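On a predicted model such as this, the values are computed, not experimentally measured, just so you know. No hydrogens, no waters, no symmetry mates; every other heavy atom, side chains included, goes into these values.
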Amino acid sequence: MKDTADLYELRREQWAGLERMAGKSAANLIGQLEHSRTIPLGRFLYALGIPQVGERTGQVLAEHFGSVEGLRAADEETLQKVPDVGPAVAAAVLAWFTEPRNRRLLERLLKHIQPKTGTARAATGPLAGMTVVFTGTLSLSRTEAKKLAEAAGARVGDSVSRKTGLVVAGADAGTKLETAKRLEVKVVDEQEFLRIVKR
């Protein structure tokens with residue numbers, strides 16, 4: 001086998017003929033492959049092995065573009081408009097889709113896999129469409145804070161950039177707060193954040 005697509009093109013008897021692959025093992029593996037034929041788009045993008053695209057970035061790209069075709073057609077400017085996607089990620093995605101070998105692999109995979117696609121989530125709420133970053137110590141746990149932000153329509157980012165809409169700073173906030181001030185990103189404390197999301 002040369003690449004991932006080969007896994008879907010082997011017949012059952014070919015699997016059973018491989019070393020250490022008994023009939024039952026072959027059947028189990030084939031079952032797993034069948035299950036993987038319909039996976040979420042974000043997981044599919046992550047599994048392609050595009051440099052700079054981890055699980056979270058794969059999910060963000062999936063939510064923004066809604067399909068492989070949408071992502072494949074995006075140019076660098078369009079990619080950099082996606083929250084949490086900077087120049088390095090945009091360049092890596094473009095380079096991956098430009099490489100002929102990768103394009104051939106993708107076409108073969110799409111003959112066997114149907115990623116679950118859909119349009120980006122319609123964000124509603126006081127923070128709709130905004131990227132929020134938390135820094136410092138809050139009385140809320142990060143999980144609780146993230147749920148509140150997402151319920152208010154926001155995406156939660158890991159780092160501060162010019163695309164960040166709001167930084168929530170707790171005690172002992174560090175470099176993220178400094179970056180927010182330098183980039184003139186709006187900063188609020190935890191009390192103000194709670195007031196915003198509970199409107």
Report yes if the side chains of [X] and [Y] come closer than 4.5 Å at any heavy-atom pair, otherwise no.
| X | Y | answer |
| --- | --- | --- |
| Phe97 | Asn102 | no |
| Ser159 | Thr164 | no |
| Leu79 | Leu71 | yes |
| Leu194 | Leu148 | yes |
| Lys186 | Val188 | yes |
| Val68 | Leu41 | yes |

Rounded distance [0.5 Å steps], [atom1] in [X] versus [atom2] in [Y]:
| X | Y | atom1 | atom2 | result |
| --- | --- | --- | --- | --- |
| Arg182 | Thr175 | CZ | OG1 | 10.0 Å |
| Asp172 | Leu177 | CG | CG | 11.0 Å |
| Arg72 | Trp96 | CZ | CH2 | 9.0 Å |
| Lys116 | Arg43 | NZ | CZ | 8.5 Å |
| Leu106 | Leu48 | CG | CG | 6.0 Å |
| Phe65 | Thr78 | CZ | OG1 | 6.5 Å |

| Ala180: partners by side-chain contact (heavy atoms from CB on, under 4.5 Å), with sequence neighbours left out |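 Partners of Ala180 by the side-chain contact (heavy atoms from CB on, under 4.5 Å) criterion, ordered by chain and then number, come out as Val160, Val167, Val185, Val187.
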| Any sub-3.5 Å donor-acceptor pair from Lys176's side-chain atoms to Asp158's backbone N or O? |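 Checked: pair present.
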Side-chain heavy atoms under 4.5 angstrom apart, residues restricted to Ile, Leu, Val, Met, Phe, Trp, Tyr: same cluster for [X] and [Y]?
| X | Y | answer |
| --- | --- | --- |
| Val85 | Leu183 | no |
| Val53 | Val82 | yes |
| Val60 | Tyr46 | no |

| field | Minimum-distance pair of heavy atoms, taken over all atoms of Gly42 and Ala62 | value |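 Shortest heavy-atom contact: N-CB, 3.5 Å.
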| message | Looking at every non-hydrogen atom in both residues, tell me the closest pair between Arg108 and His112 and how far apart they are. | response |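 What the structure gives for the nearest pair is O-CD2, 3.1 Å.
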With a cut-off of 3.5 Å and sequence neighbours excluded, list every side-chain donor-acceptor pair involving residues 125-143.
residue, atom, partner, partner atom, Å
Ser139, OG, Glu190, OE1, 3.2
Ser139, OG, Glu190, OE2, 2.5
Ser141, OG, Glu144, N, 3.1
Ser141, OG, Glu144, OE1, 3.3
Arg142, NH1, Gly136, O, 3.3
Arg142, NH2, Gly136, O, 2.9

| request: Step through the shown structure and confirm whether more than 12 heavy atoms of other residues, nucleotides or ligands are within 6.0 Å of CZ on Arg103. | output: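 Atom CZ in Arg103 is not packed in, count stays at 12 or less.
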| said: Check this for me: Glu107, atom CD, are more than 12 non-hydrogen atoms of other residues, nucleotides or ligands nearer than 6.0 Å? | reply: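 Counting neighbours around CD of Glu107, more than 12 heavy atoms of other residues, nucleotides or ligands fall under 6.0 Å, so yes.
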| Do NZ/NE/NH1/NH2 and the carboxylate oxygens of Lys198 and Glu192 come within less than 4.0 Å? |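 Salt bridge: no.
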| query | Do the charged groups of Glu63 and Arg155 touch, with an N to O distance under 4.0 Å? | reply |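 Looking at Arg155 together with Glu63, the answer is yes, because their closest N to O distance falls below 4.0 Å.
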